[in-house]
Amino acid sequence: MHLQPPAAASSPLLKNLNPEQLAAVTAPAEAALILAGAGSGKTRVLTTRIAWLMQTGQVSPGGIMAVTFTNKAAKEMLTRLTAMLPVNVRGMWIGTFHGLCNRFLRAHWKLAKLPQSFQILDASDTVSAIKRVIKAMNLDEERFVPKQVGWFIAGCKEDGHRPGDVVAHDEQTRKLVEIYANYDDQCQREGVVDFAELMLRSYELLRDNAAIREHYQQRFRHVLVDEFQDTNKLQYAWLKMFAPPDSRSGQSLIAVGDDDQSIYAFRGARVGNMADFEREYRVQQVIKLEQNYRSHGHILDAANELISHNSQRLGKTLRTDAGQGEPLRVYEAASDFAEAQWLLEELQSLYRGGLVRQEMAILYRSNAQSRVIESALFNAGIPYRVYGGLRFFERAEVKHALAYLRLLENPNDDTSFLRVVNFPTRGIGAKTLETLQDLAKASGRSLYQSVSAVPGKGGANLVAFANLIDSTRNLTQGHTLREIIEQVLATSGLMDFYRTDKDGAERVENLEELVNAAEAFVTQEGFGKDAVALPVDEVAEAGTPGATPDAETGEIMSPLAAFLTHAALEAGDNQAQAGQDAVQLMTIHSAKGLEFDAVFLTGLEEGLFPHENALSAHDGLEEERRLMYVAITRARKKLAISFCQTRMLHGQTRYNVKSRFLDELPETSLKWLTPRNQAGGMGFGSGFSRDYASAWERGSGLKSMVGAGRVEQKAAWVEPPLPPSLRQKVSEEHGGLRVGKGVFHTKFGEGVLLTLEGSGTDARAQVNFGRHGVKWLALSVAKLQPID
DNA sequence: GGGCGCTTCTTTTTT
DNA sequence: AGAAGCGCCC
């Protein structure tokens with residue numbers, strides 16, 4: 001044990017910390033790995049450590065860097081920190097990886113070879129930029145799907161590879177690398193960077209410029225990283241630039257993470273970074289936060305038992321002082337429709353019991369599952385909120401407006417140019433644009449710079465467009481951000497377009513909301529005196545060798561440029577009827593980091609969860625299990641799990657086997673609401689008739705209520721499966737086997753019968769054996785036993 | 001240039 | 001089933 005300064009021991013900050021938390025908060029200023037289980041007070045530990053370090057005079061605000069993945073987490077940290085300690089957060093670097101990279105590149109734009117007001121491409125901008133490259137190269141979009149090319153490029157960048165570093169063994173890859181190279185050139189020409197580029201560019205600058213690197217190493221004494229299990233290769237390398245292993249300058253890098261909650265390997269996260277970190281930094285002691293302050297006992301028991309089925313773990317078991325609480329409720333529904341109906345009942349009963357809707361969450365593995373649930377909630381008049389989907393700054397009308405704004409800042413941004421050059425339409429067609437692009441390409445200029453070279457009517461229209469941009473820029477010179485945006489909405493014709501559009505009302509609202517958002521941004525960021533988002537960070541700039549501070553010119557980044565950056569870096573909220581007490585619907589992925597009193601975990605079916613596509617991926621099943629672990633640990637008091645015998649997916653009915661994850665939960669913590677079925681498959685036995693009858697009754701009842709006013713919802717209703725009487729007719733001839741019913745095979749075990757075909761010796765059956773897959777069997781050979 | 005209809009796809013996603 | 005993108009035709 002190291003000695004603590006006396007002031008520290010008595011600090012009120014350290015009150016009420018458990019021993020492990022205390023150890024983490026007051027860990028010596030070196031590398032440390034904190035394994036923080038779900039609900040173990042991770043954010044509290046992080047913020048308290050920062051506060052404690054400053055309070056005990058071990059570091060000044062300028063010496064702190066804390067990195068998170070989401071803006072939400074970063075904000076949370078700042079909020080808590082300022083509540084703990086009256087501190088000037090201005091000098092601290094607290095933010096997302098990308099946010100901090102942006103800050104870094106804004107300060108060193110010249111060395112990074114970027115224009116001062118470079119703009120950031122979001123995911124869809126990136127795809128359209130790539131599309132243009134593929135088109136320009138005359139390549140087939142079938143063979144080079146822009147989105148996939150995007151993954152490839154992002155993947156390369158996240159491995160730290162520039163086009164020249166990629167080893168291509170086949171023709172396809174060689175072409176991909178070529179696209180990558182052209183794409184990078186195009187971005188550079190247009191003065192834009194994508195998300196991965198933000199990281200890579202900062203990393204390279206740090207790597208290649210010793211003076212800058214050393215400056216930042218001197219500056220940041222304490223680097224703290226949240227959700228370390230989600231970092232990719234590049235992010236880890238980037239962190240090492242700030243706080244290298246074996247650092248003689250005595251910095252402290254603290255990684256906080258939970259390997260059991262690593263659910264983003266599919267997009268490049270490397271859990272292995274945790275083990276690498278431990279080794280490379282010679283971490284003396286891994287601090288485990290295993291005391292859980294969130295969930296009741298049964299819930300934790302279930303989580304612990306489930307995750308123990310994973311082999312590759314650093315090892316950690318959550319415990320709680322709260323009581324056992326209620327066991328997990330498990331419900332088997334006849335159909336996805338019936339599952340939704342059951343959810344309604346459960347939600348209503350909780351609501352009557354006094355629980356607010358905000359505290360109820362319905363989680364699912366894939367977005368497609370939400371539809372049935374949504375229509376049930378909608379028709380029952382229960383307010384709900386769906387996370388995911390389009391976010392504010394991603395809406396088409398908002399992106400159009402932003403494109404105009406970006407052109408004011410940088411007319412050479414071809415992506416933005418193409419987006420709005422003919423929207424609203426101004427007589428500039430594909431032909432004209434083709435000519436323009438050819439000319440631009442030939443002369444190495446931007447589209448904007450080439451407008452006057454295009455002959456004819458189209459050319460004239462293009463010049464008019466360029467003039468429109470120029471005059472708007474002149475017109476808004478020296479105006480407030482609000483005025484600029486209002487002006488752009490007017491002169492571009494966007495507002496008029498949507499006003500006259502028959503269903504443009506919502507879009508008009510969103511454009512008005514954009515003005516509000518800009519107003520709020522200006523106020524929050526306090527433009528004029530204390531702007532946190534300002535690119536120029538005096539602390540960083542002062543004495544940074546090679547820095548190109550705006551002090552040279554006295555210029556600061558314009559509010560517009562800053563707002564555009566903000567829009568790209570923070571896509572804003574999803575459509576949310578904020579303020580209303582609503583049930584929360586979301587995928588398990590988006591539930592990470594959240595918690596609710598009551599959680600409904602739906603669709604626990606083989607093929608859906610674990611998802612069939614995940615099983616083929618390396619480590620896929622274990623990642624799915626971690627996902628299940630994340631889902632379980634979202635619940636504080638009540639957790640219910642449901643699965644369906646049949647589900648409509650991609651337009652056809654699927655017969656499912658219950659998820660293997662259900663078998664990995666401790667029996668003693670479960671309370672089955674439906675008879676626990678003997679078969680892995682469930683069959684339409686006793687349980688079915690009852691479920692079916694009630695689902696049908698309610699279904700038809702609701703249907704008649706749907707009536708005229710809500711036609712659009714009607715289509716979303718899923719019919720309950722055929723009545724059992726009908727089903728039996730289909731298959732009586734095959735010794736009691738029935739479609740949709742459970743069967744037993746001596747080798748493959750339990751399954752659900754999907755199809756019966758042919759007769760006599762020719763009879764075949766298709767059976768879903770869950771983890772053994774879907775198989776065709778000859779009935780004359782296979783011994784299939786019906787299960788009731 | 002706009003609208004209609006055909007095809008294709010459908011795990012998870014932040015920045 | 002349903003959305004979204006794409007291409008064709010007016």
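All chains are named by letter (A, B, ...) in the order of the sequence lines, taking the proteins before the strands, and each is independently numbered beginning at 1.
- A:K147 places its NZ atom 11 Å from the C1' atom of C:dG5, with the value rounded to the nearest Å.
- Spacing between atom CG of A:L649 and atom C1' of C:dA1 amounts to 10 Å, rounded to whole angstrom units.
- Taking side-chain N and O atoms only, A:R391 has a distance below 4.0 Å to OP1 or OP2 of B:dT14.
- Taking atom CD1 of A:I120 as the reference point, atom P of B:dT14 lies 17 Å away to the nearest angstrom.
- The same atom, P, is picked in C:dA4 and in B:dT13; the two are 16 Å apart, to the nearest Å.
- Within the nucleic acid shown, A:D122 has no heavy atom closer than 4.0 Å to any nucleic acid atom.
- Using a 4.0 Å heavy-atom distance criterion, A:F266 is classed as a base contact.
- If you take CE of A:M586 and P of B:dT13, they are 11 Å apart, rounded to a whole angstrom.
- By the salt bridge (charged side-chain N to carboxylate O under 4.0 Å, His left out) test, A:R654 is found to be paired with A:E612, residues two or more places apart in sequence or in another chain being considered.
- Among the heavy atoms of the strands lying under 4.0 Å from A:N367 are primed sugar atoms or P, OP1, OP2 only; no base atom is included.
- Between the P atoms of B:dT12 and C:dG5, the separation comes to 16 Å (whole Å).
- Annotation: cation-pi geometry not satisfied between A:R395 and A:F393 (NZ/CZ under 6.0 angstrom from ring centroid, within 45° of ring axis).
- Within 4.0 Å (heavy atoms only), A:N422 reaches sugar-phosphate atoms of the nucleic acid but no base atom.
- Backbone-only contact: A:K131 has heavy atoms under 4.0 Å from sugar-phosphate atoms and none from a base.
- Side-chain contact between A:E374 and A:V386: present, with at least one pair of heavy atoms (C-beta onward) separated by less than 4.5 Å.
- Contacts of A:I428 with the nucleic acid, taken as non-hydrogen atoms under 4.0 Å apart, involve only primed sugar atoms and P, OP1 or OP2.
- Where stacking is scored as ring centres under 5.5 Å apart with planes under 30°, A:H611 registers as stacked on the base of B:dT11.
- Cation-pi geometry between A:K240 and A:Y236 is met: under 6.0 angstrom from the ring centre, within 45 degrees of the axis.
- Here the side chains of A:R201 and A:F104 are not in contact, with every heavy-atom distance at 4.5 Å or above.
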